[in-house]
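Bear in mind the structure is a predicted one, so any value in this text is a computation, not a measurement.
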Amino acid sequence: MSPFRVRFAPSPTGYLHIGGLRTALYNYLFARKHGGTIILRIEDTDQRRFVEDAEKDILASLEWAGLDFDEGPGRDGGHGPYRQSERSDVYKQIAEELVDSGDAYIAFDTEEELTSMRERFATKENPNPRYGSSTRSQMQNALSLSEDDVSSRLESGQPYVIRLKVSPGGSVSFSDLIRGPVTFETVNVDDQVLMKSDGLPTYHLANIVDDHLMEVSHVIRGEEWLPSTPKHILLYEALGWDPPQMAHLPLILSPTGGKLSKRSAERAGIPVSVKEYRSTGYESGALINFLALLGWNPGNERELYAMEDLIEAFSLERVGQSGVQFDLNKLQWVNEHYLRQRSAKSIASDIKPLLAENGIKPDEDYLERVVAVMAERISLPSDLLRARYFFEDPTSYDDKTRKKRWKEESSGLVVSFAGKLDQLDVFEAATIETALRKLAEEQEVGAGRIIHPVRLAVSGIGFGPGLFELLELLGRETTVRRLRTAVSAIG
RNA sequence: GCCGCGUUCGUCUAGGGGUCCAGGACGCCGGCCUCUCACGCCGGUAACACGGGUUCAAAUCCCGUACGCGGUACCA
């Protein structure tokens, strides 16, 4: 087994979203490509934003997407536990070590004090002053207070946080696998809180401790983390650990611009949680295929990839560097390809509950035949809901089609056609077609003069599958009934 | 504001000094097929952000500007 170890580390503050899935996917592809290991780690250190069923949703969504993990909750690989809430002791111990070594310090400032500090030091040039080398001496911490003061505050149980002590004047450089060399000046890095006053670590501490302890070799995460990477590098250095390789993925942007957030996505009509894609009826393979190509490309012109093909082709070097807009159109296109590879039977079984919700309970064989005939006309199984005429008589007739297709002689032709159908020995597409064409000939009109009004009569709309197979599918009784109803309704 | 990262058709992208008056895909438009719609096939529209360098030669290298995005929390 290769020494490559990667992790996907979501925070259970909500359902797994599309950006999270893509991050998971890239980690997964990288791991599988190199025969490495992928870890799922739950970063549940924010008690305030914790969402009860989020972890369950994340697990279920990943499984649906076909991303299986080697290590994680319930799958011990000797590096657990894999929930940060179950690892508190470790962080506490490391934080204390950092305080002892002088790389971190205790601070007592309350949230109000922090806010007032920001107001106090804010200038036009610097509206957002950091808690760091330039301000910490004026705050309440172990660097500004006397030793006695600190210990008496500690003894009295005053809440405190532990902050990383960042010295100004230096710089932190690292080479990002996707972006190349990146440098930050330490003056611009603040004294990040490592341990919160609730005794839990912040992301920054927990993340690097776990990555180290879990022997993570490559950190593949969203670009929003790039600015905090210097803090992480500083932390690795303080602890005497080697930092892993870093790879910061381009962000998924909303078509309206900006990071694809819940709000912007909704505004753009894009589902944001993986759960929604699933319930809308997208194929997981299609979503994966689409997401893989959103920010990465294989360097050739192929567009359709099964998971194995993605694993085969994937490389971090071919991940782009700029943000990418989410394009629902393209997803839809990919999804259509996947949908058409499925049997009518399996699509039918998917759509059944959806129809039932809408009060439609068709015979299974019939439904399967409907799906077969409609397969090329839908991009999602739920599109079938818009073709209710398969299941119930039309109650209205599309105006535009009516104007265009229903001529003076239409009623007569439709009635005659209904009569012909009544007399047919065998009610099949071929015999129906023969009958119709014969009628057209007798009446000396083009076949279209009958076909279009008949379609409107039986379906209420002007488009759909081939008319003859449609009629066969509907059956003689339904067809004839609808024809006669339509004549009196449109007449 | 400051820090960081970006910038090739509307979108996802190929390309990384000459093979590029820039290739593919989605979308859009037109055509073929055809009873309609869709599929499929064929064709079309459309881009190197701008300004300076470097070079015989720049989409490609360098600098600057503009713009976009991210970060600037005891959130992740």
Reading nucleotides 61-67 of chain B from the 5' end, what letters show protein touch, with B for base, S for backbone sugar-phosphate only, - for no heavy atom under 4.0 Å? -------
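Pair assignment for B:G6: B:C67, on the basis of Watson-Crick or G-U wobble contacts that are both within less than 3.5 Å. Across every strand in view, B:C74 sits unpaired, with no contact that passes the Watson-Crick or G-U test at under 3.5 angstrom. In a base pair of the Watson-Crick type (N1 to N3 plus N6-O4 or O6-N4) or a G-U wobble (N1-O2 and O6-N3), with each distance short of 3.5 Å, B:C61 is matched with B:G53. Partner assigned to B:C41 is B:G31, using Watson-Crick or G-U wobble distances below 3.5 angstrom. Using Watson-Crick or G-U wobble geometry with both donor-acceptor distances under 3.5 Å, B:A25 finds its partner in B:U11.
Distances shorter than 4.0 Å separate some side-chain N or O of A:Asn297 from OP1 or OP2 on B:A14. Remark: A:Gln321 is in phosphate contact with B:G6, judged by side-chain N or O atoms under 4.0 Å from OP1 or OP2. At least one side-chain nitrogen or oxygen of A:Lys259 sits closer than 4.0 Å to the OP1 or OP2 atom of B:G71. Residue A:Lys196 has a polar side-chain atom (N or O) positioned under 4.0 Å from OP1 or OP2 of B:C75.
Checking B:C35, B:G4, B:C74 against every side-chain atom of A:Arg48, the shortest atom distance belongs to B:C74. Closest to the side chain of A:Phe463, from the set B:U36, B:C69, B:U72, is B:U36. In this structure, the nucleotide among B:A38, B:C2, B:A76 sitting nearest to the side chain of A:Thr202 is B:A76.
Residue-level contact check: A:Phe326 touches neither bases nor backbone, having no heavy atom under 4.0 Å from any strand. The residue A:Thr183 sits close only to the backbone: its heavy atoms come under 4.0 Å of sugar-phosphate atoms, none of a base. At the heavy-atom level, A:Arg318 lies under 4.0 Å from the strands shown only through sugar-phosphate atoms. Using a 4.0 Å heavy-atom criterion, one finds that A:Arg118 contacts the sugar-phosphate atoms exclusively. As judged by a 4.0 angstrom heavy-atom cut-off over every strand, A:Gly295 is placed among residues touching the sugar-phosphate backbone only. At a threshold of 4.0 angstrom between heavy atoms, the contacts of A:Thr229 with the nucleic acid are absent.
Rounded to whole Å, the C1' atom of B:G15 lies 11 Å from the corresponding atom of B:C48. Only the C1' atoms considered, B:C41 is 13 Å distant from B:U34, to the nearest whole Å. B:G6 and B:A14 have their P atoms separated by 14 Å, with the value rounded to a whole Å. Spacing between B:C21 and B:G31 at atom C1', rounded to whole Å, works out to 27 Å. Nucleotides B:C61 and B:G71 have their C1' atoms positioned 30 Å apart, rounded to a whole Å. When the P atom is used for both B:G16 and B:U7, the distance is 16 Å, rounded to whole Å. One P atom belongs to B:A58, the other to B:C2, and the distance between them is 34 Å to the nearest Å.
In terms of polar N and O atoms assigned as donor or acceptor, the side chain of A:Arg455 comes within less than 3.5 Å of the base of B:C35 in a complementary pairing. In the interface, the side chain of A:Ser197 is paired with the base of B:C74 through a donor and an acceptor atom under 3.5 Å apart.
A:Ile461 approaches A:Tyr389 most closely through the heavy-atom pair CD1-CE2, 3.6 Å. A pairwise comparison of heavy atoms in A:Glu283 and A:Tyr338 identifies CG-CB, 3.7 Å as the closest pair.
A:Phe390 does not carry A:Arg388 over the face of its six-membered ring by the limits of under 6.0 Å from the centre and within 45° of the normal.
Remark: side-chain polar atoms of A:Arg179 are not paired, donor with acceptor, to backbone N or O of A:Leu226 under 3.5 angstrom.
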